[in-house]
Structures are given as C-alpha cells and as structure tokens.
Amino acid sequence: MRFDVLTIFPQMIASYLNEGVLGRAVERGTVEARLVNIRDFASGAHKNTDDRPYGGGEGMVMKAGPIYRALESVERVGPRSMVILLTPKGERFDQSLARELATRDQLILICGRYEGVDERIRRTCIDMEVSVGDYVLSGGELAALVVMDAVGRLVPGVLGDEKSSQRESFEQGLLDYPQYTRPRVFRGLEVPSVLLSGDHEKIRLWRRTESLRRTLERRPDLLQRARLTPEDQAILSRLKEES
Ligand code: SAM
C-alpha cells in the first residue's frame with residue numbers, strides 16, 4: 001500500500017508516521033507514505049495556496065491550480081490507485097470502507113484547509129470524497145491520518161498477528177469484548193475467573209457473549225447487519241431475556 005498525502009502541513013502527518021503501528025510499517029516498507037507539500041506547487045512571489053471566495057463571504061478557499069499540479073506530480077503505481085478528497089461532505093468512513101480501501105495499491109489523499117477546496121478539483125480529479133464523521137475539523141490532515149491508520153493496519157504484514165484485526169470491533173459487525181491484563185485485582189475489581197481458567201472453549205464463549213452483550217447495549221443497530229451464527233442467536237435471546 002502506498003499513501004501520497006497532499007497537504008500544506010506535511011509535518012503534521014510526518015510526526016504521526018514516526019511512531020506506533022504505522023511508523024513500524026513505514027520503517028519496514030510494508031506501507032509507503034509520501035508527503036507532497038501543496039505550497040511547493042503554488043505560483044507567485046507569495047506562494048499562495050488560497051484565495052477569497054467568488055461571491056464573497058467568510059474565509060478563504062484553497063486554489064485549484066496548486067492542488068492540480070501537486071496531483072500531477074504524484075506517480076500512479078497502478079490501475080488500483082485512487083484519489084480521495086477529505087471533506088465533511090463525503091461518504092462516511094467506517095471499517096467496511098477501510099477494508100475496501102485496503103485492497104487498493106495506492107491512496108492519494110487531499111487535505112483541505114480554510115473553507116475547503118475549489119469545487120473544480122472535486123469535479124475533475126477526485127475518485128471519492130470521504131468524511132471521517134459528522135463534525136468539522138480545521139483541516140484534512142487528521143482525517144487523512146484516520147484513513148491511513150485504519151486502512152494501513154489492514155494491509156497484510158502490518159499487524160504482527162492478522163487475527164487481531166479480524167477480531168476487533170466492527171470486523172464481524174460486533175463490538176469487541178472487554179480486555180484485562182495484570183494485576184489480577186485493581187481497585188477491588190477482579191479479572192473474571194473464566195479468563196484465568198485455561199479452558200479455551202469457555203473463554204471463547206465468554207468473549208463472544210460479552211461482545212454480543214456490549215453490542216446489544218451500546219450499538220443494537222449493528223446487530224441488524226452482523227454475521228450471526230445460531231449460537232450467537234441463542235446467546236442474544238438469553239441476553240434479551242436477562243435484561
Ligand atoms: N466549509 C467546509 C464545510 O462546511 O464542508 C469545511 C471546511 S473545513 C474547516 C477544512 C477542511 O478540513 C476540509 O476541506 C476538509 O479537508 C477537512 N475536514 C473537516 N472536517 C472533516 C471531516 N469530518 N472529514 C474529512 N475531512 C474534514
């Protein structure tokens with residue numbers, strides 16, 4: 001997977017890419033990340049990347065020219081390359097979109113600032129518009145990092161253990177079960193005894209039950225689309241009776 005991020009603040013992205021799961025993936029070369037400073041493609045003495053909006057009104061708009069030229073400078077690594085504009089008006093990002101995007105060879109992510117990007121970029125250069133949620137950020141950099149992180153960890157070889165990404169919240173349409181580590185007692189609360197039993201079948205059943213319980217309590221909407229086995233259905237009926 002290769003990410004190319006077009007931004008006027010490449011350092012914001014660079015510092016995140018130095019650490020953690022994504023940092024290790026970049027270091028090992030499992031994920032490639034290139035940062036393109038849109039300002040390098042601005043013309044004029046002041047290298048302006050924004051201008052006042054036609055029609056008047058508040059704020060500034062990112063000019064089409066520098067973004068277009070920055071985009072032209074990016075090498076396309078194959079037919080499965082995709083250009084994404086980060087915008088609150090885009091398709092809502094979730095785990096299933098992350099999975100879909102992880103099958104691509106290259107994601108070119110455009111980060112807006114100010115009042116957003118000149119509409120003609122959207123109309124001529126963009127394959128998809130993506131929003132990370134129903135709120136407005138000051139810029140697309142955090143949104144691009146959200147996409148890169150969620151997609152990057154699904155790329156084979158990025159996580160040490162592939163099973164852990166398959167088990168996590170949303171992957172099977174459910175929220176993850178609660179996790180515990182040492183010490184055995186913390187502020188009077190004991191680790192559930194089943195987790196200390198060494199009985200793998202009992203542990204599996206407890207985890208599945210807790211995953212279903214959490215989803216039922218917090219995100220019942222997810223259950224409509226979840227892949228549920230007959231065992232899950234039986235657990236759910238019992239949980240509903242209990243409550
Ligand atoms: N005026 C725009 C609107 O209301 O749709 C918001 C512009 S916002 C202040 C500046 C930039 O932040 C956007 O161009 C976009 O790149 C990014 N951004 C803000 N919120 C976002 C979100 N929820 N998802 C993705 N990108 C977002």
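Values in this document were obtained by computation on a predicted structure and should not be read as measured data. All residue numbers in this chain count up from 1 along the given sequence. Atoms within each ligand, like the ligands themselves, are counted from 1 in listed order.
Of all heavy-atom pairs spanning M62 and Y114, the tightest one is CG-CD1, 3.7 Å.
Under 3.5 Å, the side chains of N18 and S15 contain no donor-acceptor pair of N or O atoms. Counting only N and O atoms by type, the side chains of E129 and T87 include no donor and acceptor under 3.5 Å apart.
Within 4.0 Å of ligand 1, protein heavy atoms come from L86, T87, P88, K89, G112, R113, Y114, E115, G116, V130, S131, V132, G133, Y135, V136, L137, S138, G139, G140, A143.
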Take E115 and R52 through the test salt bridge (charged side-chain N to carboxylate O under 4.0 Å, His left out) and record every step on the way to the result. CA-CA 10 Å; E115 293 304 317; R52 284 166 296 155; over 6 Å; no
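Heavy atoms of other residues, nucleotides or ligands lying less than 6.0 angstrom from CZ of R123 number 12 at most.
Separation of atoms CD1 (I108) and CZ (R2) is listed at 7.5 Å; rounding is to 0.5 Å.
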